[in-house]
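Scroll down for the structure; my scribbles are underneath it.
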Amino acid sequence: NVTELLVALSQERPYYELSVYASLFNLISQMYLCGYIASSSYTNPNKQAEQIGTVLDWINQNFKEQITSKKLSEISNLNFNYLCKIFKNFTGQTIMQYVNEQRIEHACYDIAKKNKSVTDAAFGNGFNDLSYFAKTFKRYKGMSPREFKAFIKNNKS
């Protein structure tokens with residue numbers, strides 16, 4: 001393989017570059033097959049799904065707590081930037097979109113079923129800022145938390 005590469009390089013015939021590329025690809029392929037090069041670009045989709053499943057389970061159990069990139073990296077055993085990339089590939093959402101969606105859904109449940117105040121629902125589900133909660137709630141539900149509470153109150157049978 002190396003000999004083919006050297007011959008292709010030394011002859012410089014028309015389009016010799018193609019022979020050089022072919023020889024290089026063949027050489028690299030043989031190096032992979034013989035184990036001289038370990039592929040770091042190949043990722044097992046099943047392993048990724050398992051890692052994302054672990055992250056989703058952890059978020060679903062801990063959404064009320066402060067969620068840090070460091071903690072998510074620890075539980076997934078992945079670099080945080082890489083985790084963000086595969087999380088979005090698997091779920092179609094960023095990690096924070098998913099966390100906020102869980103928090104908002106649980107806040108809605110607390111407001112509608114447990115008759116909690118908007119403030120208690122926000123702070124009880126991981127939001128530390130009422131303004132951010134109201135803005136996020138409106139983005140996900142199309143109405144403010146107070147409008148949602150009034151809607152639920154007016155539509156109870």
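Source: prediction; values computed, not measured.
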Query raised in the report: Does any non-hydrogen side-chain atom of Lys71 lie less than 4.5 Å from one of Trp58?
Result: yes
Report summary line: Rounding to 0.5 Å, atoms CD (Gln102) and CD1 (Ile67) come to a distance of 9.5 Å
Query raised in the report: Between Phe87 and Tyr98, what is the ring plane arrangement, given parallel below 30°, perpendicular above 60°, and tilted in between?
Result: perpendicular
Query raised in the report: For residues Asn125 and Tyr109, is any side-chain donor paired with an opposing acceptor at under 3.5 Å?
Result: no
Requested in this report: Grab the two heavy atoms, one from Ile59 and one from Val99, that are nearest each other, plus how far apart they are.
Outcome: CG2-CG2, 3.8 Å
Requested in this report: Consider only side-chain heavy atoms of I, L, V, M, F, W and Y, link residues closer than 4.5 Å, and tell whether Ile86 and Ile75 are in one cluster.
Outcome: yes
Query raised in the report: Counting only heavy atoms not in Arg146, do more than 12 sit closer than 6.0 Å to its CZ atom?
Result: no
Query raised in the report: Minimum heavy-atom separation for Phe133 to Pro145, with atom names?
Result: CE2-CG, 3.5 Å
Query raised in the report: Does Val55 belong to the same Ile/Leu/Val/Met/Phe/Trp/Tyr cluster as Met96, with side-chain heavy atoms less than 4.5 Å apart forming each link?
Result: yes
Query raised in the report: Can you check whether Gln93 reaches Glu101 side chain to side chain, under 4.5 Å on heavy atoms?
Result: yes
Query raised in the report: Does the side chain of Tyr82 pick up a donor-acceptor pair with the side chain of Gln51 at under 3.5 Å?
Result: no
Report task. Flag the pair Glu105 and Lys141 as a salt bridge only when some basic side-chain nitrogen lies within less than 4.0 angstrom of an acidic carboxylate oxygen. Result -> yes
Query raised in the report: Taking the side chain from Asp120 and the backbone from Lys116, do they hold a donor-acceptor pair closer than 3.5 Å?
Result: no
Query raised in the report: Going from CZ on Arg103 to NZ on Lys64, what distance comes out if it is rounded to the nearest 0.5 angstrom?
Result: 11.0 Å
**Report entry** Check: Ser144 main-chain N/O paired with Glu147 side-chain donor or acceptor under 3.5 Å
**Finding:** yes
Report task. Give the minimum heavy-atom separation between Ile111 and Ala121, together with the two atoms involved. Result -> CG1-CB, 3.6 Å
Report task. Kindly indicate, with the supporting measurements, whether the criterion side-chain contact (heavy atoms from CB on, under 4.5 Å) is fulfilled by Phe137 and Cys108. Result -> CA-CA 9 Å; Phe137 193 101; Cys108 285; 3.5 Å; yes
Query raised in the report: Taking side chain as C-beta onward, heavy atoms only, is Lys149 less than 4.5 Å from Asn115?
Result: yes
Query raised in the report: So do the side chains of Thr94 and Gln97 get within less than 4.5 Å of each other, counting heavy atoms only?
Result: yes
Query - Minimum side-chain heavy-atom gap Leu56-Phe90 below 4.5 Å - result: no
**Report entry** Single-linkage hydrophobic cluster, 4.5 Å side-chain cutoff, Val118 and Phe151 together
**Finding:** yes
Query raised in the report: Considering residues, nucleotides and ligands other than Asn154, do more than 12 of their heavy atoms fall under 6.0 Å from its CG?
Result: yes
Query raised in the report: How close do Leu83 and Ser73 get, heavy atom to heavy atom, and via which atoms?
Result: CD2-N, 4.4 Å
**Report entry** Value rounded to 0.5 Å, distance of CG in Asn100 from CZ in Phe127
**Finding:** 4.5 Å
Report summary line: Between the NZ atom in Lys113 and the CD1 atom in Ile152, the distance rounded to the nearest 0.5 Å is 7.5 Å
Query - Min side-chain heavy-atom separation Thr68-Gln66 under 4.5 Å - result: yes
Report task. Enter the distance from Lys138:NZ to Ile104:CD1 here, rounded to the nearest 0.5 Å. Result -> 13.0 Å
Query raised in the report: Closest approach of Asp129 and Phe123, non-hydrogen atoms and distance?
Result: N-CE2, 4.1 Å
